[in-house]
Amino acid sequence: MKASLDPVQTLHEEPAEAEVVSHRLMLRAGLVRKLAGGVYSYLPMAVRVLRKVETIIRQEMNAAGAQEVLLPALQPSDLWEKTGRWQAYGPELFRLSDRHERAFALGPTHEEVITDLVSQLIRSYRQLPFLAYQIQTKFRDERRPRFGMLRGREFIMKDAYSFSASEEDARRIYARMQETYARIFLRLGLEHRMVEADSGLIGGNLSHEFMVMADSGEDTVMTCEKCSWASNVEKAPDAKVCPVCGFMLASRTAIEVGHVFYLGHKYSDPMGSTFLDSAGKEIPFFMGCYGIGVSRILAAAIEQSHDEKGIIWPVSMAPYRATVLSLGPGMGERREVLGLLETMETLWPGEIYFDDREIRPGMKFQDADLRGIPFQIILGERHVEKGDGEVKIRLTGERLVLPLKEIPALLSARVQGILSES
RNA sequence: CGGGGCGUGGCGCAGCCUGGUAGCGCACCUGCUUUGGGAGCAGGGAGUCGAAGGUUCAAAUCCUUUCGCCCCGACCA
């Protein structure tokens, strides 16, 4: 991608509407624009990040035996009445009527829809277990949308639902999802903890949250400084030491990015969603559900990884792997520069953002730092003349000057190192 | 929903108290110079002052209503 063809500009001034750092940086870096309170348009760079996050989620969900579906956002009220949530969900549920005055909701979650669907598909224990997931826009009329992407009224979520023939099997899948989630957040390069949690409105009696550690998080978790134990502060209000290893606990703020629930019969029972077990007896599905806030992950990643100059994307979700900055008039057309671009494109197809604009170098440096692409390849007169180029690592600020020909190999090795750690 | 704040070119703001031709910075367009950390000079385009109603010879400014946005608090991916 060439910057000269990119219609999205960065903002040099702080947007007045944004307070939290992720929101400010997302606006300044040209990732999103607000349409209404808690409702945002995703610009091209943000979509690239979303796709990368989604790809990792899909790979891990598929590896865990889940199958992808896509359920309707528009849901008739009668399904919700069956589970009692048409009333219980309250004003957070977006409600609307069609032209025949039939009531609908915009789905904030999909337990009702998937349960209804699966009860049509599955009649025998022989067809179980079944694990389905989707990645889709959800709607919640939040009492107070805030913090930009962190709490919107419309957001992208990966939600998964499991259907089992026994509680033991359902718990097995629950445990597998816990492992899957840990892998997903590890691959995304996010420091996180799994904590025991309350299950809230979704229901059930077993639930864990996945928290990304960040100074500006909405949640507070107690974390052991020695082992991996952590708990939601509501679950461990007076604990001073770790119940596992006895070490000191610390209170840290975090952002909830994932939540897994064991549901049991909470939805299958009221919806009459049953199968025949091996004894020929009709019993309700044993269910679980598993959510990840996909759009929230973008904001959480920025909250966790930024500095005063801008975003520092983890390599796994960066919109581009590398950005090439040509400095000075005509530099963008130099043979050496075009040659390097071609090699880089071969190495990482579609992953190079070329800042070919005829603007002052300082402007390019500022924008590159703001956008947070992991590797900057800086090509200025004094180095290119000698056949060299400079590589700047956004995370560490490290700068290396080396022959242009060696740059692809260096970057390739660096990325291998980073991605193999996870 | 309770409390607080703000709506003025794309963005950030001044002007409002004390009514009288709508301004500044950034961004944008043209030209010349400049080119390794947000360039300089000259010229230029762009605003129903959130909306409605009222007061007045005259309203961005005063009054009323209303909508929107942000921040702080009250069972949230």
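In what follows, chains are A, B, ... by sequence order, proteins preceding strands, each numbered from 1.
Across B:rA58 and B:rU65, the matching C1' atoms stand 23 Å from one another, rounded to whole Å. To the nearest whole angstrom, the two C1' atoms, one in B:rU18 and one in B:rC13, are 22 Å apart. As rounded to the nearest Å, B:rC16 and B:rG10 have C1' atoms that lie 24 Å from one another. Nucleotides B:rU30 and B:rC67 are separated by 44 Å at their P atoms, to the nearest Å. Here, B:rC49 and B:rG9 have their C1' atoms 10 Å apart, quoted to the whole Å.
Dashed line: the shortest gap from a side-chain N or O of A:Arg144 to OP1 or OP2 of B:rC72 is under 4.0 Å. For the OP1/OP2 pair of B:rA39 and a distance below 4.0 Å, the side-chain nitrogens and oxygens of A:Arg360 include at least one atom meeting the criterion. Dashed line: the shortest gap from a side-chain N or O of A:His12 to OP1 or OP2 of B:rC26 is not under 4.0 Å.
For B:rG36, the base has a donor-acceptor partner in the side chain of A:His383 [N/O atoms by modelled type, under 3.5 angstrom]. For a distance-only test at 3.5 Å, the side chain of A:Glu381 fails to qualify as a donor-acceptor partner of the base of B:rG36. Checked by distance alone, A:Gln9 brings no side-chain donor or acceptor within 3.5 Å of a matching partner on the base of B:rG10.
Between the side chains of A:Asp159 and A:Gln134, at least one donor N or O lies within less than 3.5 Å of an accepting N or O. A donor and an acceptor atom, one from each side chain of A:Tyr174 and A:His208, are located under 3.5 Å apart. No donor-acceptor contact under 3.5 angstrom links the side chains of A:Thr180 and A:Glu60, judged on distance only. A:His23 and A:Tyr40 form a side-chain donor-acceptor contact under 3.5 Å, judged by distance and modelled atom types alone. Using modelled atom types and a 3.5 Å distance limit, the side chains of A:Asp367 and A:Thr10 yield a donor-acceptor pair. Looking only at atom types and distance, the side chain of A:Glu303 has no donor-acceptor partner in the side chain of A:His306 under 3.5 Å away.
Among B:rC69, B:rC13, B:rC72, the nucleotide with an atom closest to any side-chain atom of A:Ala36 is B:rC69. Across B:rA77, B:rG38, B:rC72, the shortest atom-to-atom separation from the side chain of A:Arg296 is found for B:rA77. Ranking B:rA77, B:rG36, B:rC72 by closeness to the A:Phe147 side chain, first place goes to B:rC72. Considering only side-chain atoms of A:Glu13, the nucleotide from B:rG36, B:rG12, B:rA77 that sits closest is B:rG12. For A:Lys34, the listed nucleotide lying nearest its side chain is B:rC70; candidates were B:rC70, B:rG37, B:rG38.
The partner of B:rC6 is B:rG68, by the rule that a Watson-Crick or G-U pair needs both atom distances under 3.5 Å. With a cut-off of 3.5 Å on both pairing distances, the Watson-Crick or G-U wobble partner of B:rC62 is B:rG54. Within the shown strands, B:rC1 is the pairing partner of B:rG73 under the Watson-Crick or G-U definition, both distances less than 3.5 Å. Pairing of B:rG43, defined by two Watson-Crick or G-U wobble distances under 3.5 Å, is identified with B:rC29. Across all strands shown, B:rG19 remains unpaired; no Watson-Crick or G-U wobble contact has both distances below 3.5 Å. Pairing partner, B:rG36: none, since no Watson-Crick or wobble contact has both distances short of 3.5 Å.
Among the protein residues, A:Arg33 comes within range of no part of the nucleic acid, since none of its heavy atoms lies under 4.0 Å from any strand.
Residue side chain A:Phe155 meets the stacking definition with respect to B:rA77: its ring centre sits within less than 5.5 angstrom of the base's six-membered ring centre, and the planes differ by less than 30 degrees.
For A:Arg140 and B:rA77, the CZ to P distance is 6 Å, given to the nearest whole Å.
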